[in-house]
Amino acid sequence: MSEPVSFSGFSMPDLRGKVALVTGSSLGIGAAVAKAFGAQGMKVVVHYNRSAAPAAQVAEAIEANGGQAMLVGADVRDTSAIARCVDEALQRFGRIDVLVNNAGSLVRRALLQEQSDELFEEVMQINARSAMTFTRTVVSAMRERQQGGSIINVTSMAARNGGGPGSSMYAGSKGFVSTVTRALARELVHDRIRVN
């Protein structure tokens with residue numbers, strides 16, 4: 001068991017050398033999470049879709065702070081692209097200890113009468129199905145190693161309060177992620193995989 005690292009009275013396990021895959025980590029919350037992991041000496045898989053240049057800057061920042069980083073581009077609406085992303089991470093680093101399902105998008109605001117089946121599918125693919133697919137794929141690798149792991153799902157206040165006008169589909173997709181997080185926490189506890 002590794003010794004804890006203390007930060008201003010807060011103690012956490014040593015993360016050095018562990019591997020994290022952070023989806024949607026080229027910008028915003030995902031970029032901040034990826035950089036924070038890197039600052040702890042983690043190996044970080046920086047995932048992006050269209051924002052290759054900002055993703056490269058995140059990877060550079062991680063390496064400048066003593067971590068290791070790799071870039072993986074993948075459209076989270078594509079199940080085969082997700083499988084490739086995880087496979088590339090495993091080939092490079094040999095394992096994944098932490099998965100952060102951060103990728104997501106409102107896509108666009110649409111009031112009820114403006115919504116279409118196509119928009120519904122896109123919102124659900126990006127926010128809900130991608131998190132399930134990444135989780136299912138990574139959990140298989142975690143189970144194979146039998147060392148446990150951690151899944152962190154990023155949702156939204158909209159999941160609890162319904163969001164603003166025109167965001168009902170986004171709020172629903174994030175509500176799905178919040179609910180499934182609780183279900184998977186119970187399902188995967190026996191594998192020593194935490195889901196938060």
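Starting from 1, each residue takes its place in the sequence as its number. In this text, all values refer to a predicted model and were calculated from it rather than measured experimentally.
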From Asp97 CG over to Phe37 CZ, what is the distance, rounded to the nearest 0.5 angstrom? 10.5 Å

Kindly work out whether a path of hydrophobic side-chain contacts (I/L/V/M/F/W/Y, heavy atoms less than 4.5 Å apart) joins Phe120 to Met132. yes

Could you report the tightest heavy-atom contact between Ala128 and Val177, atom names first, then the distance? CA-CG2, 4.0 Å

Gap between atom CE of Met124 and atom CE of Met169 - 0.5 Å precision: 10.5 Å

Could you walk me through whether Tyr48 and Val58 pass side chain to side chain contact (heavy atoms under 4.5 Å, CB included), step by step? CA-CA 11 Å; Tyr48 68 94; Val58 171; over 6 Å; no

What's the separation between atom CG in Leu188 and atom CZ in Arg194, rounded to the nearest 0.5 Å? 12.0 Å

Would you say the side chain of Leu112 lies within less than 4.5 Å of the side chain of Ser168, judging by non-hydrogen atoms? no

Once you round to the nearest 0.5 Å, how far does CD1 of Ile151 lie from CG of Leu99? 4.5 Å

Over all atoms of both residues, closest heavy-atom pair of Ala34 and Ser25: CB-CB, 4.0 Å

Donor-acceptor pair, side chain of Thr23 and main chain of Ala103, under 3.5 angstrom: yes

When rounded to the nearest 0.5 angstrom, what is the spacing between CG in Asn101 and NE2 in His47? 10.5 Å

same_hphob_cluster(Val76, Val139) at 4.5 Å side-chain heavy-atom cutoff: yes

Given side chains that start at C-beta, do those of Leu106 and Ser167 come closer than 4.5 Å, heavy atoms only? yes

Arg77 meets the salt bridge (Lys or Arg N to Asp or Glu O under 4.0 Å) criterion, sequence neighbours left out, with Asp75, Glu122

Least distance between heavy atoms, Ala20 atom then Met42 atom: CB-CE, 3.6 Å

Would you mind checking if Arg92 and Glu88 are paired as a salt bridge, meaning a charged N to carboxylate O distance below 4.0 Å? no

According to a hydrophobic-cluster definition based on side-chain heavy atoms being under 4.5 Å apart (Ile, Leu, Val, Met, Phe, Trp, Tyr only), do Met70 and Val100 belong together? no

Considering non-hydrogen atoms only, spot the tightest contact between Asn196 and Thr181 and give its length. C-CG2, 3.5 Å

Please check this pair: side chain of Arg145 against backbone of Ala141, looking for a donor-acceptor N/O pair closer than 3.5 Å. no

With distance as the sole test, does Asn127 use its side chain to make a donor-acceptor pair with the main-chain N or O of Val123 at under 3.5 Å? yes

Mind checking whether Leu15 and Val98 sit in one hydrophobic cluster, side chains of I, L, V, M, F, W, Y counted as touching below 4.5 Å? yes

Under a 3.5 Å distance rule, please check whether Asn102 uses its side chain to pair with a backbone N or O of Val154 as donor and acceptor. no

Stepwise side chain to side chain contact (heavy atoms under 4.5 Å, CB included) test for Lys18 and Arg95: CA-CA 8 Å; Lys18 294 196 177 204; Arg95 68 184 206 254; 4.0 Å; yes

One should read off an interatomic distance between Asn49 CG and Leu27 CG, to the nearest 0.5 angstrom, of 11.0 Å

In terms of heavy-atom contacts, does CG of Leu119 have more than 12 from other residues, nucleotides or ligands at under 6.0 Å? yes

Can you find a heavy atom in the side chain of Val19 that is under 4.5 Å from one in the side chain of Gln68? no

Answer with yes or no whether the hydrophobic clustering places Ile152 together with Ile62; edges join I, L, V, M, F, W, Y residues whose side-chain heavy atoms lie under 4.5 Å apart. yes

Contacts satisfying salt bridge (charged side-chain N to carboxylate O under 4.0 Å, His left out) that involve residues 34-57 (not counting sequence neighbours) are none

Between Tyr170 and Val107, is a side chain to side chain contact (heavy atoms under 4.5 Å, CB included) present by the stated rule, with each step listed? CA-CA 8 Å; Tyr170 172 77; Val107 181; over 6 Å; no

Of all heavy-atom pairs between Ala159 and Gly175, which one has the smallest distance, and what is that distance? CB-N, 3.5 Å

What is the minimum heavy-atom distance between Val46 and Ala55, and which atoms define it? CG1-O, 3.8 Å

I'd like to know if Arg84 pairs up with Asp78 as an ion pair, taking the criterion as any Lys NZ or Arg NE/NH1/NH2 lying under 4.0 Å from an Asp or Glu carboxylate oxygen. no

Does Glu144 have more than 12 heavy atoms from other residues, nucleotides or ligands lying within 6.0 Å of its CD? no

